[in-house]
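Please read these numbers as outputs of a predicted model, since none were measured by experiment. Here, residue 1 is the first one in the sequence, and each next residue gets the next number. When a ligand or atom number is given, it counts from 1 through the structure's own listing order.
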Amino acid sequence: MMRFLHLADVHLDTPFAGRAPRVRRRLRAAVREAFARAVDLALDERVDALVVAGDLFDGELLSFETERFLTAQLERLVADRITVVYATGNHDPGSGPGRRGSIGWPEGVAVADGTTPVRTQVHDRNGQLAGWITAVGHGTARESSDLSRHLPKPDGFFPEVAVLHAQVEASVGSSAHGRYAPTTLKALLSKPYDYWALGHVHRRQELHQHPAVHYPGNLQGRTPAEAGPRGALLVELESGRAARVVFRSLGPVRWETIDVTGLETIESLDGLVRAVSRRWGDWLEAEAGSRAEWMVRIRLAGGCPLWRLLRDPTEVATLETELVGELDLLDAVVEAEALHAPIDPREHTTRHDALGWVLRELEEIEGGKALPESIARGLQGFDERMETLPEYVARILDGAGAEIVTRMLRSS
Ligand SMILES: [Mn+2]
């Protein structure tokens, strides 16, 4: 039997540009911390091997801190006689620029950084042969051919693992990634490996059960789109039997998005913070047991008297700061563009009265319907160097529907 930890897409030294320095520092450290946790897990579980299926690094940048950190972590594995296999991906190709190639890999770390397969024996804790791991890597940043064809057909009696950073057609979320080293499930299954340790697509998924084909997803989420727990796969392989694969969450920071509606009566910052807080509390409760540092995107939508105030980025920033403190988050990003006036004019557009008629006209004008030439000219405040006439009209009429509903219903 062979036991190993399969991880991929670590993206060490991701810059996290555009975030506040405090958040950026934490996110950069979190990526390293996730890797350290993977090493802890490998040692605790006494696995035979640790497999990194590409994009260990994010790019050319390799900080001194990461260089020191990485060799120290790998040495912990090697000292415990855990075989380490690392195949390069499109973010860290063998011939890429930068200092990655000058890392002094500890002895016992097998690096596949090109199309020549690197075949490594794995021994169990008693020193007995437990299986084989065969890897190919990306030689350049733009591998457009199917790298799986470079992998030999194994014929051994022992469990065989293939390591590959590639985009398998039809995997979920693959369209979000560049088409590097594209391949098909059929191509992979044509070679009798017991387990395909894939990397590249950042969403964890099982593409095939027996033989097993898995993406572990990235080790630590890096964007709002990478929600949910992130980590590595703990794998047990025995010849002729289905692989036992267990996911272990390792990334210390989690990214999530919550939608907050029902703000029709909220008129204060306190009220807004309470509403978001309640929603977040419910969300956490549904995720019972999830502990993390949270990067939360909060989407406010629906009617709210504060909708116009929240068009101002300064006000949104103040709300975000409040939420970070109140909800104990690493960071909060508030999206308020979907808020509108408390009254939704769309609920009244089908009325067979004056109000309905006015709203329908308004909707058409907001949709870009041309105004009669005679009234289009000489609109105060319109500057054709800044915007088109329909844009100008739509802008000044923004929110007018709700106001018209309020006035016309009040007077009726
Ligand atoms: Mn990646």
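Here the two rings, on W294 and W255, have centers that are 6.0 Å apart or farther.
For R204 and F247, the positive end sits near the middle of the six-membered ring, less than 6.0 Å away and at most 45° from its axis.
With hydrogens and angles disregarded, no donor-acceptor distance shorter than 3.5 Å links the side chain of R299 to the backbone of D259.
No other N/O/S atom of D55 lies as close to the Mn ion (ligand 1) as OD2 does. Residue-level check: among N/O/S atoms of D9, OD1 sits closest to the Mn ion (ligand 1).
Between the NE2 atom of H11 and the NE2 atom of H202, the angle centred on the Mn ion (ligand 1) amounts to 90° when rounded to 10°.
Within the structure, salt bridge (charged side-chain N to carboxylate O under 4.0 Å, His left out) pairs that include any residue of residues 103-129 comprise D80-R125, R119-E160 (at least two apart or interchain).
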